[in-house]
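Notes follow once the structure below has been shown.
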Amino acid sequence: MNKSLQPDLLLLVRDPIDHAALIQHVRAAEDGAIVTFDGCVRNHSHGRRTLYLDYEAYESMALGKIREIAAQIHEKFPIHLMSMAHRLGRLEIGETSVFIAVSSAHRPAAFEACRFAIDTLKRTVPIWKKEYFVDGAVWAEGEMPPAPLETCAAKPAS
Amino acid sequence: MNKSLQPDLLLLVRDPIDHAALIQHVRAAEDGAIVTFDGCVRNHSHGRRTLYLDYEAYESMALGKIREIAAQIHEKFPIHLMSMAHRLGRLEIGETSVFIAVSSAHRPAAFEACRFAIDTLKRTVPIWKKEYFVDGAVWAEGEMPPAPLETCAAKPAS
Amino acid sequence: MSPSLQTARVKVLFFGRVKEIVGHAEDSVELPDGAPIEALFSHYGANHPELRRFRASLAASRNQEFAAWSTPLHSGDEVAFLPPVSGG
Amino acid sequence: MSPSLQTARVKVLFFGRVKEIVGHAEDSVELPDGAPIEALFSHYGANHPELRRFRASLAASRNQEFAAWSTPLHSGDEVAFLPPVSGG
């Protein structure tokens with residue numbers, strides 16, 4: 001996290017996400033490209049009609065993981081700035097659950113960094129989605145985070 | 001062009017591009033992902049400070065080529081809708097020259113189609129950019145469109 | 001000062017499906033200092049047999065970082081048992 | 001009706017650097033029916049030697065489609081000599 005001074009805008013919010021503010025945050029005169037990803041609530045899931053969603057997070061850890069993603073993309077790609085917001089609580093059909101904006105001088109970095117950010121978020125950030133249907137609700141099938149190495153320190157000294 | 005009924009929004013404009021309208025156009029309840037690309041005027045080019053740009057197009061052909069791109073991405077990727085606008089005339093630093101929005105049920109298609117659209121636009125759509133600096137102006141180095149096959153019909157029957 | 005004589009008080013957090021099974025969002029537990037996360041999980045598994053069925057799909061965290069199940073716990077640690085994540 | 005007796009009138013459009021060299025945006029030219037785009041270009045190249053320097057980097061279009069330089073032209077065709085494109 002040697003990039004902690006980078007002025008990226010990283011948020012967990014309970015109100016509707018302000019797309020314009022997130023884009024404005026990354027836009028600068030030296031950039032030629034801005035790529036955004038808008039993840040929105042679909043009206044269907046696995047063939048069933050969705051009524052609404054409810055998102056829950058382990059907030060302190062989720063923010064930490066989002067900051068790690070920001071640090072990683074600055075290391076991996078020649079981008080300028082990123083902003084990322086994930087919404088929590090009840091979301092209606094069509095509302096934005098996650099929004100990412102990335103700016104860079106040239107377009108490949110912005111595309112690749114934005115894709116990396118959402119792919120990594122979906123694997124590593126502790127947020128859970130419950131899907132509500134007319135006939136019940138289920139926790140969405142999620143992804144297993146990468147397993148940490150087993151540590152030898154667990155054995156007590158004998 | 002067997003997809004001419006697709007209700008994509010494809011524009012050449014002389015006034016500032018209305019990002020919100022282009023995004024709104026592709027947004028629908030069945031979509032889970034919207035990816036956008038915003039190409040904006042950088043304040044530098046090849047190490048020189050840019051003052052402004054001027055875009056010129058072979059308008060009828062450019063619109064035709066943009067429609068071809070739209071038809072191609074519907075064939076190649078499982079996307080829902082796209083919108084694409086390119087601005088012509090004088091553009092100031094920070095203004096948007098091209099904006100693309102693509103919606104799909106799942107994110108890979110939206111990312112890949114949006115990237116394909118801007119990459120193909122830059123190779124095949126007859127639009128030219130003149131860059132103005134404090135000490136003069138140059139036509140931007142462009143890309144050669146793919147060469148068409150030589151046709152045998154050119155030989156007159158002898 | 002044998003390790004077994006010391007105890008550690010850790011905070012435990014529950015989310016998603018795990019929270020619904022356990023019935024609350026947060027707990028505070030005393031256990032032998034240096035006991036692994038695995039031992040803490042067994043404590044809840046004994047009271048909530050349904051939880052054991054999910055063991056293979058859960059990840060563990062210690063102080064907001066993913067952690068191996070063998071990670072030893074000490075006083076003040078914050079532990080969570082995390083279902084597969086589904087943000088985005 | 002030998003081809004050489006018929007003539008064709010085509011519209012020619014100029015853009016970017018080519019427009020600056022030729023000095024105008026549009027022209028209308030009469031040439032033998034079936035003459036290739038290459039022959040039309042030679043006509044302008046003769047009047048504007050600077051244009052010939054750019055020949056290798058130009059693409060040709062006929063009726064708003066990229067076309068080979070050998071494409072034969074007929075009355076009503078719209079032709080353009082296109083510098084490398086730089087939109088986006």
Side-chain angles (χ1 to χ4, degrees), chain A residues 17-20 22-24 26-47 49-53 80 91-122 129 131 140, chain B residues 17-20 22-24 26-47 49-53 80 91-122 129 131 140:
Chain A
I17 289 174
D18 183 348
H19 301 56
L22 293 174
I23 293 169
Q24 199 51 45
V26 302
R27 200 179 184 94
E30 66 258 44
D31 300 321
I34 297 170
V35 171
T36 72
F37 173 78
D38 182 343
C40 24
V41 180
R42 274 198 313 274
N43 61 6
H44 64 280
S45 178
H46 301 287
R49 194 165 72 81
T50 306
L51 297 181
Y52 62 92
L53 301 182
H80 179 213
L91 272 79
E92 308 297 330
I93 305 302
E95 290 195 297
T96 294
S97 55
V98 61
F99 191 84
I100 301 171
V102 180
S103 60
S104 60
H106 302 285
R107 70 188 184 282
F111 269 109
E112 287 156 26
C114 190
R115 179 77 184 265
F116 177 87
I118 182 61
D119 288 353
T120 307
L121 179 144
K122 288 193 171 243
K129 170 168 68 179
E131 302 176 310
Chain B
I17 290 174
D18 183 348
H19 300 56
L22 294 174
I23 294 168
Q24 199 51 46
V26 302
R27 198 178 186 96
E30 66 259 44
D31 301 320
I34 298 170
V35 172
T36 73
F37 173 77
D38 181 343
C40 24
V41 179
R42 272 200 312 274
N43 61 6
H44 64 281
S45 179
H46 300 287
R49 194 164 72 83
T50 306
L51 296 181
Y52 62 93
L53 300 183
H80 179 213
L91 273 79
E92 309 295 331
I93 304 302
E95 289 195 299
T96 294
S97 54
V98 60
F99 190 84
I100 301 171
V102 181
S103 60
S104 61
H106 302 284
R107 69 188 186 282
F111 269 109
E112 287 156 26
C114 190
R115 179 76 184 265
F116 177 88
I118 181 63
D119 287 353
T120 307
L121 178 144
K122 288 195 171 241
K129 170 168 69 178
E131 301 175 309

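Order of the sequence lines sets the chain letters (A, B, ...), proteins ahead of strands, with each chain counted from 1. Note that the structure is predicted; figures quoted are calculated from it, not measured.
Ranked by heavy-atom pairs under 4.5 Å with chain A, the first of B:S97, B:P108, B:A110 is B:P108. Contact tally against chain A (heavy-atom pairs below 4.5 Å) for B:V35, B:I23, B:D38, B:D119: the top residue is B:D38.
Between the OG1 atom in A:T36 and the NE2 atom in B:H19 there is a gap of 9.5 Å [rounded to 0.5 Å]. Within the model, atoms CG of A:D31 and CG of B:N43 stand 8.5 Å from one another, a figure rounded to the nearest 0.5 Å.
Contacts of A:V41 with chain B are made by backbone atoms alone, with heavy-atom separations under 4.5 Å and no side-chain atom involved. Of the two parts of A:E95, only the backbone, made up of N, CA, C and O, holds a non-hydrogen atom closer than 4.5 Å to a non-hydrogen atom of chain B. The contact between A:R115 and chain B is made by backbone and side chain atoms together, counting heavy-atom distances below 4.5 Å. For chain A, the nearby parts of B:A105 are the backbone and the side chain; heavy atoms of each come within less than 4.5 Å. Within the 4.5 angstrom heavy-atom criterion, atoms from both the backbone and the side chain of A:T96 approach chain B.
Judged by distance alone, with hydrogens and angles left aside, the side-chain atoms of B:R27 form a donor-acceptor pair with the main-chain N or O of A:G94 at under 3.5 Å.
Here the closest heavy-atom approach between residue B:F37 and residue A:A33 is recorded as CE1-CB, 3.6 Å.
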